[in-house]
There are 2 protein chains.
Amino acid sequence: MKCSFTSTKPRGRPREFDPDAALGNALKVFWKHGYEGASLAELTEAMGITKPSLYACFGNKEALFKKALDLYERDKLAYIGKALEAPSARGVAERLLNGSLETYCGSAGAQGCLGVISLVANTTEAASIREHVIARRKSSETALIARFERALAEGDLPPGSRPEALAQCLFTILQGLAVKAQADTTRAELEMVIGTFLAMWPSR
Amino acid sequence: MKCSFTSTKPRGRPREFDPDAALGNALKVFWKHGYEGASLAELTEAMGITKPSLYACFGNKEALFKKALDLYERDKLAYIGKALEAPSARGVAERLLNGSLETYCGSAGAQGCLGVISLVANTTEAASIREHVIARRKSSETALIARFERALAEGDLPPGSRPEALAQCLFTILQGLAVKAQADTTRAELEMVIGTFLAMWPSR
DNA sequence: AACATTTCATACCAGGCGGTATATAGTGCG
DNA sequence: CGCACTATATACCGCCTGGTATGAAATGTT
């Protein structure tokens with residue numbers, strides 16, 4: 001995050017591309033192919049820059065991926081934060097499920113969840129990326145657990161409910177939806193799963 | 001499938017390894033790293049043979065993978081067929097969930113579901129493998145739907161239940177469990193998810 | 001023993017990978 | 001202008017990938 005008021009004018013040749021736009025295009029490629037599946041050749045082509053420009057601006061492939069992951073979570077996963085603000089536990093679940101549907105079935109050809117893709121695909125190397133993704137997801141889980149604990153305290157969930165169990169179960173469905181979105185599944189089928197799950201969801 | 005009674009004695013030098021055992025070891029590697037993530041070097045080392053032996057016996061990497069996938073489904077996914085024989089719809093769900101737990105948390109370090117790994121990881125190439133995996137999964141889904149349709153007709157599910165919706169929802173949880181098993185999740189956490197989901201499951 | 005046949009082990013191949021050296025072109029400053 | 005500085009484009013690097021050519025070793029047949 002550049003502090004614009006401290007940065008003086010650059011002295012050298014100005015770069016000819018927009019790093020934010022380039023990062024957005026890199027995100028699309030990672031989203032489609034995963035970390036290891038995305039080659040430098042495809043990345044640079046999609047970003048419209050050459051390899052030296054990429055390395056000068058973003059460091060290396062791993063650093064680029066982490067920045068793309070940050071962008072992904074800031075833009076595409078914003079619905080998670082919004083969902084937690086729903087007034088009821090059921091509303092949280094609804095927003096979470098429907099929000100994931102929008103994200104996983106993006107208008108672009110890209111489908112599925114970048115986090116899941118990166119988690120499952122990168123068994124070989126890039127342990128640091130695995131840990132990165134796992135840590136991010138874990139923080140979301142704890143936030144959801146806390147939200148459900150509040151709901152239980154407020155009488156918004158049936159007495160005796162286990163917030164942790166409900167949160168984990170909900171996240172499991174979300175991850176399953178991500179896998180299904182990656183396969184041939186249609187949006188209508190995902191909506192059916194969401195509806196079925198919400199019908200099972202405990203009501204106050 | 002060799003027809004032993006038509007095969008005469010081999011004329012050349014006998015092979016020094018057991019193809020079945022080698023295939024089993026190849027399966028472990030694919031299970032850990034996915035199709036693209038498993039390199040010939042690691043495969044041959046685990047199988048205890050050299051590359052020319054691998055190609056002479058199994059064809060190429062893709063053919064080897066498909067044979068490993070067959071073995072996987074025959075051995076590791078046998079619980080799916082068994083689950084469908086359960087007397088009640090709830091029993092089917094229980095066996096399916098607990099069976100997946102056993103498979104995904106195998107005693108060996110390998111975890112997760114080979115199908116899910118191959119489906120999610122292979123976005124780049126190997127479209128034929130994607131289709132292979134998707135087709136296999138689809139056949140399991142239709143079998144489960146049929147089983148739940150029978151359950152509905154037998155009054156084993158609440159009237160008005162939608163067999164297809166229940167089956168899809170159950171499979172979504174199964175796939176979510178596979179993802180969770182791939183991450184850092186402990187077996188106890190997976191058991192908690194299963195218990196929570198079964199508590200939500202419609203009872204007659 | 002000589003042969004045909006099959007497997008084995010070593011070395012090798014072209015191609016793609018992530019990453020970089022180098023030289024040129026474009027900018028603000030003095 | 002010349003200078004310091006940074007981005008650009010091209011070409012290149014070592015390494016690993018999936019896949020193979022080749023010759024030796026081990027069998028059954030004649």
Side-chain angles (χ1 to χ4, degrees), chain A residues 2 4 6-23 26 29-30 32-68 118 121-129, chain B residues 2 6-23 25-26 29-30 32-68 118 121-129:
Chain A
K2 280 184 182 171
S4 54
T6 59
S7 74
T8 64
K9 283 195 175 171
R11 294 231 297 158
R13 173 178 178 176
R15 67 163 51 96
E16 300 173 358
F17 66 95
D18 174 12
D20 290 339
L23 186 60
V29 177
F30 281 128
K32 204 174 296 185
H33 297 137
Y35 174 69
E36 302 193 81
S39 73
L40 265 294
E42 192 170 359
L43 285 166
T44 52
E45 188 187 346
M47 299 167 81
I49 63 179
T50 60
K51 279 191 282 184
S53 296
L54 191 158
Y55 277 77
C57 186
F58 299 101
N60 60 7
K61 190 184 177 185
E62 184 172 337
L64 174 67
F65 177 82
K66 288 185 179 171
K67 283 169 183 163
S118 308
N122 297 342
T123 320
T124 303
E125 53 158 328
S128 97
I129 286 184
Chain B
K2 279 186 184 173
T6 61
S7 75
T8 64
K9 281 195 176 172
R11 292 232 298 160
R13 173 177 176 175
R15 68 162 50 98
E16 300 173 357
F17 65 95
D18 175 11
D20 289 339
L23 186 59
N25 289 326
V29 176
F30 281 128
K32 204 174 295 183
H33 299 309
Y35 174 69
E36 303 194 80
S39 71
L40 266 294
E42 191 170 0
L43 284 167
T44 52
E45 188 187 348
M47 299 167 81
I49 63 179
T50 60
K51 279 190 282 184
S53 296
L54 190 157
Y55 277 78
C57 186
F58 299 101
N60 60 6
K61 188 185 177 185
E62 183 172 336
L64 174 66
F65 177 83
K66 288 184 178 171
K67 283 169 184 162
S118 308
N122 296 341
T123 320
T124 303
E125 53 158 327
S128 98
I129 287 184

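Every chain is numbered from 1 and lettered A, B, ... according to where its sequence line falls, protein lines coming before strand lines. Any value given below was found using the heavy atoms of this structure, including those in side chains, with hydrogens, waters and symmetry copies removed.
One distance of note links CZ of B:Phe30 with CD1 of B:Ile129; it measures 7.5 Å at 0.5 Å rounding. Note that the NE2 atom of B:His33 and the OG atom of B:Ser118 stand 13.0 Å from one another [nearest 0.5 Å].
Looking at B:Leu23 and B:Leu64, their side chains come closer than 4.5 Å, going by heavy atoms from C-beta outward.
Of all heavy-atom pairs spanning A:Met47 and A:Ala22, the tightest one is CG-O, 3.4 Å. The two residues B:Lys66 and B:Ser128 make their nearest non-hydrogen contact at NZ-OG, 3.4 Å. The two atoms that bring B:Ala46 and B:Val29 nearest to each other are CB-CG2, 3.5 Å, heavy atoms only. The nearest pair of heavy atoms linking A:Phe58 to A:Pro19 is CZ-O, 3.8 Å.
Atom pair A:Leu43:CG and C:dG18:P shows a separation of 8 Å (rounding to whole Å applied). What separates CG of B:Leu40 from C1' of C:dA14 is a distance of 15 Å, to the nearest Å. The CE atom of B:Met47 sits 14 Å away from the P atom of C:dT7 (whole-angstrom rounding). A:Glu42 places its CD atom 13 Å from the C1' atom of C:dG16, with the value rounded to the nearest Å. Here the P atom of nucleotide C:dG19 and the CZ atom of A:Phe58 are 15 Å apart, to the nearest Å. When rounded to the nearest whole Å, the span between CG of A:Leu54 and C1' of C:dT20 equals 13 Å. Residue B:Arg15 contributes atom CZ, which lies 14 Å from atom C1' of C:dT5 at whole-angstrom precision.
Applying the 4.0 Å criterion to OP1 and OP2 of C:dG18, one finds that A:Lys61 has a side-chain N or O inside that range. The phosphate of C:dC8 (OP1 or OP2) has no side-chain N or O of B:Thr50 nearer than 4.0 angstrom.
Using a distance-only test at 3.5 Å, with no hydrogens or angles considered, a donor-acceptor pair links the side chain of A:Lys61 to the main chain of A:Tyr35.
With a heavy-atom cut-off of 4.0 Å to chain A, the contacted part of DNA chain D has its first and last nucleotide at D:dA4 to D:dT10.
Ranked by how close their nearest DNA chain D nucleotide is to the 5' end, B:Ser39 and A:Ile49 are led by A:Ile49. Residues A:Gly48 and B:Tyr55 both approach DNA chain D. Their nearest nucleotides, taken by heavy-atom distance, put A:Gly48 toward the 5′ side.
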Next on the checklist: What verdict does the side-chain contact (heavy atoms from CB on, under 4.5 Å) test give for B:Tyr55 and B:Leu40, after you've listed the backbone C-alpha separation in whole Å, the side-chain angles of each residue and the deciding distance to 0.1 Å?
Outcome noted: CA-CA 10 Å; B:Tyr55 277 78; B:Leu40 266 294; 3.8 Å; yes
Item to check | Heavy-atom protein contacts under 4.0 Å, nucleotides 21-30 of chain C, coded B base, S sugar-phosphate only, - none | outcome: B---BBBSS-
